[in-house]
Number of protein chains: 2
Amino acid sequence: MRLTRAGEYAVRCVLYLAKQGRGVLVSRKEIAAQADIPGQFLAKIAQQLARQGIIEILQGASGGYRLLLAPERITLLEVVETVIGEIFLNDCVGRPESCPNSTVCAVHRVWCRTQQQLRNSLDQVTFADLASEELGTPPTPGACCAENPPPPEKDLPGPA
Amino acid sequence: MRLTRAGEYAVRCVLYLAKQGRGVLVSRKEIAAQADIPGQFLAKIAQQLARQGIIEILQGASGGYRLLLAPERITLLEVVETVIGEIFLNDCVGRPESCPNSTVCAVHRVWCRTQQQLRNSLDQVTFADLASEELGTPPTPGACCAENPPPPEKDLPGPA
DNA sequence: TGATACAAGATCAAAAAAGTCTTATTTACT
DNA sequence: AGTAAATAAGACTTTTTTGATCTTGTATCA
Ligand code: SF4
Ligand code: SF4
């Protein structure tokens with residue numbers, strides 16, 4: 001129930017490109033260094049993004065990557081799913097035939113519904129949003145993860 | 001980004017018990033058979049559910065499991081997280097220190113927000129809901145996964 | 001034409017998930 | 001008390017997924 005490394009890297013890569021602006025050519029090496037991504041791994045991810053039409057890859061000396069679409073038109077969901085495949089909260093959502101029960105199962109319906117909700121949320125966020133927020137806004141410390149305090153450990157409840 | 005097998009089994013187990021009614025003793029064997037869960041694996045999962053106070057385990061001959069709480073008071077989120085741990089959409093949400101960027105990162109905030117949303121949704125669903133829906137409602141075929149049509153394959157973008 | 005940069009697939013290693021095995025307790029029944 | 005039936009608990013194994021690298025090849029520019 002968590003983003004893979006590859007997914008995270010893809011987001012970083014596209015975000016970095018979005019910050020440079022659409023169409024600006026950036027070498028893989030630069031992206032890898034700046035966004036802290038293993039170079040070869042980035043190559044793989046970039047290829048997937050290219051196939052999806054999100055970025056363009058230029059070969060040869062002085063080659064590199066560049067954003068093909070306007071950042072406003074690229075959503076977080078799109079980038080993530082390009083790399084990790086469609087998000088499924090449970091196997092039976094993507095492959096109902098994997099559970100003979102799926103046509104009757106109440107839980108199944110919950111997964112379907114919730115998953116759609118999640119995907120919609122991620123589809124609302126564009127890389128234009130992300131890039132501008134990152135360039136402009138001051139950190140506002142605590143505004144984010146304060147809502148997510150380190151959860152009480154299962155076995156050691158509290159600061160024992 | 002998907003429920004583990006253990007999580008799925010936990011849900012099945014609790015749902016089965018909820019259908020029998022709170023406090024009704026059911027042998028592990030029966031649950032395993034009826035809910036299609038590997039027996040020994042179920043044992044592990046049950047122990048976690050017991051530690052969490054959701055079910056009670058009776059030992060000895062004619063032992064078994066039974067629901068300790070009223071189904072209305074058990075949520076899907078609770079059961080799932082008991083087994084797979086707190087849901088995190090991205091590592092940095094649970095451990096902000098894992099990414100030096102997390103205090104500034106716009107994406108980070110999206111993950112935090114979305115994750116909370118997801119968890120809230122799952123926390124709305126109780127096992128009373130699930131059990132009654134399953135006992136009462138007719139299947140309504142297509143009402144669920146029709147919203148989730150098999151997505152266009154990554155490499156063959158739809159009926160282009 | 002050679003240096004630079006990316007492509008693409010094979011391959012490897014580490015981690016997580018799924019399941020099984022073994023041994024020990026607990027309880028009921030006779 | 002003795003035995004059978006049930007679960008406990010942890011070690012262990014297998015399989016799958018993830019993360020990353022290696023190798024060989026191709027494109028482009030100076
Ligand atoms: S039991 Fe329900 S939720 Fe679980 S796999 Fe089958 S259909 Fe999906
Ligand atoms: S870059 Fe942002 S989203 Fe990615 S790990 Fe760091 S904080 Fe989280």
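Throughout, a chain's letter reflects where its sequence line sits, starting with A, and its residues are numbered from 1. All figures in this text were calculated on a predicted structure; none of them were measured in a lab. Below, each value reflects all heavy atoms present in this structure, side chains not excepted, and no hydrogens, waters or symmetry copies.
- With values rounded to the nearest 0.5 angstrom, A/Leu130 atom CG is found 10.0 Å from A/Thr75 atom OG1.
- Between B/Gln59 and A/Ala6, the residue anchored nearer the 5' end of DNA chain D, judged by the nucleotide with its closest heavy atom, is B/Gln59.
- Judged by distance alone, the side chains of B/Gln116 and B/Arg119 do bring a donor and an acceptor atom under 3.5 Å apart.
- Residues A/Gly64 and A/Lys44 each lie close to DNA chain C; by heavy-atom proximity, the contact nearer the 5' end of the strand is made by A/Gly64.
- Separating the CD1 atom of A/Ile45 from the P atom of D/dT18 is a distance of 13 Å, rounded to the nearest angstrom.
- Taking atom CD1 of residue A/Ile57 and atom P of nucleotide D/dG25, one finds them 20 Å apart after rounding to whole Å.
- Comparing the start and finish of the helix from C/dT1-D/dA30 to C/dT30-D/dA1, five pairs each, the helix axis swings through 0°, to the nearest 10 degrees.
- Residue B/Ala61 has its side chain nearest to C/dA28 when only C/dA7, C/dA28, C/dT20 are considered.
- Spacing between atom OH of B/Tyr9 and atom C1' of C/dT20 amounts to 13 Å, rounded to whole angstrom units.
- Between the CZ atom of A/Arg28 and the P atom of D/dA20 there is a distance of 14 Å, given to the nearest Å.
- Residues A/Ser121 and B/Gln117 bring a donor and an acceptor atom of their side chains to less than 3.5 Å of each other.
- With D/dC22, C/dT20, D/dA20 as the choices, the nucleotide that has an atom nearest any side-chain atom of B/Pro38 turns out to be C/dT20.
- At least one donor-acceptor pair closer than 3.5 Å links the side chain of A/Glu134 to the backbone N or O of B/Ala106.
- For B/Phe41 and D/dA9, the CZ to C1' distance is 15 Å, given to the nearest whole Å.
- One finds no side-chain N or O of B/Tyr65 lying less than 4.0 angstrom from the OP1 or OP2 phosphate oxygen of D/dA6.
- In this structure, B/Glu30 places its CD atom 16 Å from C1' of D/dT7, rounding to the nearest Å.
- Nearest to the side-chain atoms of A/Gln47 among the listed nucleotides C/dA17, D/dA9, C/dA7 stands C/dA7.
- Nearest nucleotide to the A/Arg5 side chain, out of C/dA7, D/dG19, C/dT20: D/dG19.
- No salt bridge links A/Arg73 with A/Glu78; every basic N to acidic carboxylate O contact stays at or beyond 4.0 Å.
- For the pair B/Lys29 NZ and D/dA6 C1', the interatomic distance rounds to 8 Å; values are reported in whole Å.
- When distances run from any side-chain atom of A/Gln40 to the nucleotides C/dC6, C/dA8, C/dG19, the shortest one goes to C/dA8.
- What separates CD of B/Glu56 from P of C/dT27 is a distance of 11 Å, to the nearest Å.
- For A/Ser62, taking side-chain heavy atoms from C-beta onward, the closest of the listed nucleotides C/dC6, D/dC29, C/dA18 is D/dC29.
- Checking each of B/Val79, B/Leu68, B/Leu17 against B/Ile54 for a side-chain contact (heavy atoms from CB on, under 4.5 Å) leaves exactly one that passes, namely B/Val79.
- In this structure, B/Thr4 does not reach the C/dA16 phosphate: none of its side-chain N or O atoms is under 4.0 Å from OP1 or OP2.
- Annotation for A/Tyr65 and A/Ala43: closest pair OH-CA, 3.6 Å, computed over non-hydrogen atoms.
- Of all heavy-atom pairs spanning B/Ile45 and B/Ala10, the tightest one is CG2-CB, 3.6 Å.
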